[in-house]
Amino acid sequence: MRHSKGEQSAPRANSLEDNLKKALTELLILFLFSEEEHYIGELAPLLHARSHGVLTIVFPYAAIYRLTQADYLAETKKKTAPDGRLRQYYHITKKGRAHLQDLLATYRTFFQGIDDILSGKEAL
């Protein structure tokens with residue numbers, strides 16, 4: 001579809017996908033760390049595999065840095081990874097677990113509201 005001069009095109013659907021991925025990255029990373037300790041290099045393949053190829057994270061370092069600065073994650077002692085190399089592992093903190101629970105509650109409430117709208121449910 002062509003647009004006349006000065007008319008902007010509607011945002012593409014994949015921009016919604018990009019924005020959702022950015023918004024949910026913190027929740028997903030904290031969730032993975034709530035299950036077990038990880039090193040940064042295993043996050044991208046783990047997210048990709050667990051989402052059946054739907055989610056990718058190209059550069060998790062910035063997110064890990066923010067989560068560490070907020071005291072949601074903390075470094076552990078370096079450990080030998082499955083590839084035999086010494087890696088810096090991280091674990092979720094008590095503060096991180098509480099924040100994850102808040103994020104999960106918000107996520108569930110928000111997406112339930114969207115599902116209700118899309119299914120045509122009316123409030124009683």
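Side chains are part of it too, since the values below use all heavy atoms of this structure and drop only hydrogens, waters and symmetry mates.
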Is there a continuous path of hydrophobic side-chain contacts, each under 4.5 Å between heavy atoms, that joins Phe111 to Ile117? no
Measuring only between side-chain heavy atoms, which start at C-beta, is Leu55 closer than 4.5 Å to Thr25? no
Going through the distances and angles, do Leu47 and Thr56 end up as a side-chain contact (heavy atoms from CB on, under 4.5 Å)? CA-CA 6 Å; Leu47 280 173; Thr56 58; over 6 Å; no
Does His38 use its side chain to pair, donor to acceptor, with the backbone of Leu32 at less than 3.5 Å? yes
So OG1 of Thr80 and NZ of Lys78: to nearest 0.5 Å the spacing works out to 11.5 Å
Check: His91 main-chain N/O paired with Thr76 side-chain donor or acceptor under 3.5 Å: no
OG1 (Thr109) and CD1 (Ile114) are apart, to the nearest 0.5 Å, by 11.5 Å
Is a side-chain N or O of Ser51 found less than 3.5 angstrom from the main chain of His48, in a donor-acceptor match? yes
Please enumerate all residues that pass ring-ring contact (aromatic ring centres under 6.0 Å, His included) together with Tyr89, with sequence neighbours excluded. Tyr39
Check this for me, if you would: do Glu37 and Arg87 make a salt bridge, where the nitrogen-to-carboxylate-oxygen distance has to be below 4.0 angstrom? no
Would you find more than 12 non-hydrogen atoms of other residues, nucleotides or ligands less than 6.0 Å from Arg97 atom CZ? yes
Could you walk me through whether Tyr90 and Ile64 pass the side-chain contact (heavy atoms from CB on, under 4.5 Å) test, one step at a time? CA-CA 9 Å; Tyr90 294 80; Ile64 297 298; 4.0 Å; yes
Taking Leu86 as the starting point, is it possible to reach Leu43 by hopping between hydrophobic residues whose side chains are less than 4.5 Å apart? no
Residues in ring-ring contact (aromatic ring centres under 6.0 Å, His included) contact with Tyr61, at least two apart in sequence or another chain: Phe59
The reported gap from CD in Gln88 to CD1 in Ile40 (rounded to nearest 0.5 angstrom) is 8.0 Å
Mind checking the OG1-CG spacing from Thr93 to Leu67? Nearest 0.5 Å is all I need. 9.5 Å
In Å and rounded to the nearest 0.5 Å, what is the CD1 to CD1 distance from Ile29 to Ile92? 11.0 Å
Test of understanding: with ring-ring contact (aromatic ring centres under 6.0 Å, His included), list the residues that count as partners of Tyr65, not counting sequence neighbours. none
So how far is it from Leu73 CG to Leu30 CG, rounded to the nearest 0.5 Å? 5.5 Å
Taking the side chain as every heavy atom from C-beta outward, state whether Tyr72 and Lys94 have any atom pair closer than 4.5 Å. no
Any chance the side chains of Glu26 and His99 put a donor and an acceptor closer than 3.5 Å? yes
